[in-house]
K.L.:
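My questions will all concern the structure given below.
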Amino acid sequence: MSYGSFFNFFSHQKHRHRRLEPQREDLSAVLDKNIDLTEKKVRNTLGDSADLVFRKVNLPKNQQLLIIYVIGLVDTKTLNETLLKALVIDAPSEARGRWLPHGVLEFVSKQLIPVANVKNVRTLGEVIDGLLAGNVAVIGTGTRFALLAEMAGWPVRQIEESQSEPSVQGPHEAFNEVLRDTTALIRRRLRDTRLRTEAMIIGESSKTDVAIMYLSGVVNVSVLEEVHRRLQNIHLSSVLDAHYIEEFLEDSPLSPYPQVQNTERPDVVAAALLEGKIAIVVDGTPTVLLVPMTFWNGFQAPDDYYQRSVYVTLVRWIRFMMLNLSIFLTPVYVALTSFHPQMLPTNLLITFAASHNGSPFPVVLEAFMMEIIFEGLREAGVRLPKAVGSAVSIVGGLVVGQAAVEAGIVSAPTVIVVAMSGIASFTIPRYNFGFSYRILRFFVLLLAGTVGLYGITLSFIVILTHQLNLRSFGVPYMSPLSPRNPRQLLDVLVRAPRRYLPQRSRPHQDNPRAKGHPEKSGANST
């Protein structure tokens, strides 16, 4: 290659690179009166994208309107039938022969645009943000401001039943990914004048809309201020889901227990707001975050309030026993068979010994292997398509378990105990709450396989101590059991008849949680 060719190639690549890199514009600059110059700045900022539409409308007296929008982000039907009709057909005829002292855009704004939400913006950055949020920008000749008509209309998922929180009785509708639909479903259930919604934007690139909802006079003011402070301190480039900000809200991110409650159900959010909680709604996700959270929130299901109190109390006790079985059953089996066989009945001990005869691994290793296989099957069942996932879980569990026993790799009692632990873990109503026990089970199993029942006792003390010291926005995680609140205990391990349950929504002057620290006031969120 000659020097001339090399220079031409380098020059071509340099100019090509310049074409790919749009000229950076000052987004804080006030709009220019020349709409051609404004159009050029918008094209430079957005890289002259193919889905960006610029349309000019000629008006009398050498005036023009520039309409800008992004295809796919606006409701095309509404745009054609209302805004474009008004601006392209009606505006030229209406403006003809009129004297427009304040410019054509003022006239268009007040008399022609048939859209409810229209606002004036003055900087290039505001126009860009509005276009990317699904607004239509209208810019007129000789004016230093633009009109942003709200006409967002992208494809959305319909209101459907919750997949993660199914309910036998009670409402079945769940949130979708649209923030306004979520807030509307909540407000439809709470026609309370004290319901407040605050808006903010998080994410430098995603600019995700986030709404904070609470009942004024019921919410704890100090908790609300702490929510504001933690949300404002989140500096992420993108927030694509509510779980992106969940870790920033937790008091102890390294704890296995979740300190922020997740839900997809409007009725759960409405009940939480009546209790003085705060809901954080993130656009683009059906999950709503509720704070503060206690241990008992992960233990309770929405159906608990749609069925008879006697039945719910029985179910809660069964659920509590299953909760303990899910974490302690396998470790106790390992501890008794490995370290304390004298505590077992003779017949049972002989059965265990006969089953384990021929297995090359100790019981604790068998338990670890089966627990890991069980977790792997569960993850495979969740990640695979629904039509395949359930088949893989069932066939995998039966075939692998049966084959492992027949091959003499693991004993049959170990498979039975691990399967019972796994089934018990499915009784935990909250999905993220169940994660904590899946993690803690391995911790308890490790100590049980090391020092037997002493290890289980030690792990129980460690877990209980951690629970008692855990906080969620200053609220003790084990409240109202510790610190004890007798009236609130009516809705913890038992579910008292509704007439005896504490009043959930109270006015500000009667609410002891409205002043002072929630820990001192004994706030809870059961």
Side-chain angles (χ1 to χ4, degrees), residues 20-32 35-56 65-80 82-84 87 105 109 113 115-140 143-157 176-183 197-211 231-232 234-242 244-245 281-285:
L20 294 176
E21 287 289 337
Q23 180 183 350
R24 292 186 178 276
E25 301 289 348
D26 183 9
L27 297 180
S28 62
V30 178
L31 295 175
D32 198 275
I35 62 173
D36 294 330
L37 188 58
T38 301
E39 178 183 350
K40 181 181 177 182
K41 290 182 178 179
V42 173
R43 287 184 184 275
N44 288 337
T45 304
L46 296 179
D48 199 12
S49 301
D51 57 350
L52 198 60
V53 177
F54 295 87
R55 182 164 181 174
K56 287 183 179 176
L65 290 177
L66 174 62
I67 306 169
I68 314 173
Y69 61 91
V70 180
I71 299 175
L73 294 184
V74 300
D75 185 351
T76 307
K77 183 179 179 181
T78 307
L79 174 68
N80 293 332
T82 58
L83 191 64
L84 287 183
L87 297 182
L105 205 58
S109 171
I113 294 184
V115 180
N117 193 1
V118 179
K119 63 179 180 181
N120 296 354
V121 296
R122 294 190 172 277
T123 66
L124 179 63
E126 291 175 316
V127 172
I128 298 298
D129 290 342
L131 290 173
L132 297 179
N135 294 297
V136 178
V138 183
I139 305 172
T143 57
R144 284 187 171 275
F145 68 97
L147 301 178
L148 285 181
E150 185 176 340
M151 305 188 73
W154 46 78
V156 298
R157 186 169 61 92
N176 61 8
E177 285 75 13
V178 183
L179 184 140
R180 290 190 175 182
D181 289 352
T182 301
T183 56
T197 303
E198 300 178 5
M200 62 187 305
I201 295 176
I202 302 177
E204 297 176 2
S205 296
S206 62
K207 298 186 187 308
T208 307
D209 293 318
V210 177
L231 288 176
Q232 289 167 356
I234 296 176
H235 302 290
L236 293 174
S237 60
S238 62
V239 176
L240 305 181
D241 189 86
Y244 274 51
I245 65 176
V281 186
V282 179
D283 189 32
T285 172

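Note that these values count all heavy atoms, side chains included, but never hydrogens, waters or copies made by symmetry. Computed from a predicted model, the values in this text were never measured in an experiment.
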K.L.:
Mind checking what makes side-chain contact (heavy atoms from CB on, under 4.5 Å) contact with T197, not counting sequence neighbours?
P.N.:
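By the side-chain contact (heavy atoms from CB on, under 4.5 Å) rule, T197 matches R187, A211, M213.
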K.L.:
Would one find more than 12 heavy atoms of other residues, nucleotides or ligands at under 6.0 Å from atom CZ of R55?
P.N.:
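Atom CZ in R55 is not crowded, with 12 or fewer foreign heavy atoms closer than 6.0 Å.
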K.L.:
Taking S49 for its side chain and L46 for its backbone only, find out whether a donor-acceptor pair lies under 3.5 Å.
P.N.:
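Yes: the side chain of S49 pairs with the backbone of L46.
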K.L.:
At what distance, to the nearest 0.5 angstrom, does CG of L73 lie from CG of N135?
P.N.:
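CG of N135 is found 9.5 Å from CG of L73.
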K.L.:
Determine yes or no for a side-chain-to-main-chain donor-acceptor pair under 3.5 angstrom, with D283 supplying the side chain and L179 the backbone.
P.N.:
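Yes: the side chain of D283 pairs with the backbone of L179.
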K.L.:
After noting the C-alpha distance and the side-chain angles of N80 and T76, does the key distance pass the side chain to side chain contact (heavy atoms under 4.5 Å, CB included) rule?
P.N.:
CA-CA 6 Å; N80 293 332; T76 307; 3.4 Å; yes
K.L.:
What residues, two or more places apart in sequence or in another chain, satisfy side chain to side chain donor-acceptor pair (under 3.5 Å) together with T38?
P.N.:
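Partners of T38 under the side chain to side chain donor-acceptor pair (under 3.5 Å) test: none.
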K.L.:
Please identify which of these residues, I67, I68, I35, meets the side chain to side chain contact (heavy atoms under 4.5 Å, CB included) condition with F54.
P.N.:
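Exactly one candidate clears the test, I68.
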K.L.:
Checking V53 now: which residues fulfil side-chain contact (heavy atoms from CB on, under 4.5 Å) with it, not counting sequence neighbours?
P.N.:
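For V53, the residues satisfying side-chain contact (heavy atoms from CB on, under 4.5 Å) (neighbours in sequence not counted) are Y69, I71.
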K.L.:
Could you list the residues that satisfy side chain to side chain donor-acceptor pair (under 3.5 Å) with D209, not counting sequence neighbours?
P.N.:
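If we apply the side chain to side chain donor-acceptor pair (under 3.5 Å) test to D209, skipping adjacent residues, there are no hits.
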K.L.:
Heavy atoms only: give me the nearest A152-A133 pair and the separation to one decimal.
P.N.:
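Nearest heavy atoms, A152 then A133: CB-O, 4.0 Å.
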K.L.:
Roughly how far, to the nearest 0.5 Å, is CD1 of I201 from OG of S206?
P.N.:
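Result: 9.5 Å between the selected atoms.
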K.L.:
Sequence neighbours left out, what passes salt bridge (Lys or Arg N to Asp or Glu O under 4.0 Å) with E39? Give chain and number order.
P.N.:
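Counting only residues at least two positions away or on another chain, E39 forms a salt bridge (Lys or Arg N to Asp or Glu O under 4.0 Å) with R43, K56.
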K.L.:
Where is the tightest heavy-atom contact between L236 and V239, given as atom of each residue plus distance?
P.N.:
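L236 and V239 have their closest heavy atoms at CD1-CG2, 4.1 Å.
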K.L.:
Please report the shortest heavy-atom distance between G130 and L148, naming the atom on each side.
P.N.:
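It is CA-CD1, 3.9 Å.
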K.L.:
Minimum heavy-atom separation for F145 and L31, please, with both atom names.
P.N.:
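Shortest heavy-atom separation between F145 and L31 comes out as C-CD1, 3.8 Å.
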K.L.:
What's the separation between atom CG in L52 and atom CG in L131, rounded to the nearest 0.5 Å?
P.N.:
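Going from CG on L52 over to CG on L131, the span is 6.5 Å.
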K.L.:
Going from CD1 on I202 to CG on L231, what distance comes out if it is rounded to the nearest 0.5 angstrom?
P.N.:
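The CD1 atom of I202 sits 5.0 Å away from the CG atom of L231.
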K.L.:
Supply the atom-to-atom distance L27 CG to K41 NZ, rounded to the nearest 0.5 angstrom.
P.N.:
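Interatomic distance, L27 CG to K41 NZ, rounded to 0.5 Å: 10.5 Å.
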K.L.:
If you round to the nearest 0.5 Å, how far is OG1 of T78 from CD of E150?
P.N.:
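Spacing of CD (E150) from OG1 (T78) equals 11.5 Å.
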K.L.:
Does S205 have any side chain to side chain donor-acceptor pair (under 3.5 Å) partners at least two apart in sequence or in another chain, and if so, which?
P.N.:
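Not a single residue meets the side chain to side chain donor-acceptor pair (under 3.5 Å) criterion with S205.
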K.L.:
For D32, give me all partners under side chain to side chain donor-acceptor pair (under 3.5 Å), at least two apart in sequence or on another chain.
P.N.:
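Partners of D32 under the side chain to side chain donor-acceptor pair (under 3.5 Å) test: none.
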K.L.:
Could you work out, with salt bridge (Lys or Arg N to Asp or Glu O under 4.0 Å) as the rule, every residue matching R157, not counting sequence neighbours?
P.N.:
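R157 satisfies salt bridge (Lys or Arg N to Asp or Glu O under 4.0 Å) with E160, E177 once adjacent residues are dropped.
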K.L.:
Tell me every residue that passes side-chain contact (heavy atoms from CB on, under 4.5 Å) with D129, counting only those two or more places apart in sequence or in another chain.
P.N.:
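Once residues adjacent in sequence are excluded, the partners of D129 under the side-chain contact (heavy atoms from CB on, under 4.5 Å) criterion are K207.
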K.L.:
Identify, with sequence neighbours excluded, every residue that meets side-chain contact (heavy atoms from CB on, under 4.5 Å) alongside E198.
P.N.:
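So E198 forms a side-chain contact (heavy atoms from CB on, under 4.5 Å) with I212, Y214, H228.
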K.L.:
Evaluate L65 against I139 for side chain to side chain contact (heavy atoms under 4.5 Å, CB included), listing each step before the verdict.
P.N.:
CA-CA 6 Å; L65 290 177; I139 305 172; over 6 Å; no
K.L.:
Can you tell if the side chain of V42 reaches within under 4.5 Å of the side chain of I128, non-hydrogen atoms only?
P.N.:
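The answer is yes; the side chains approach within 4.5 Å.
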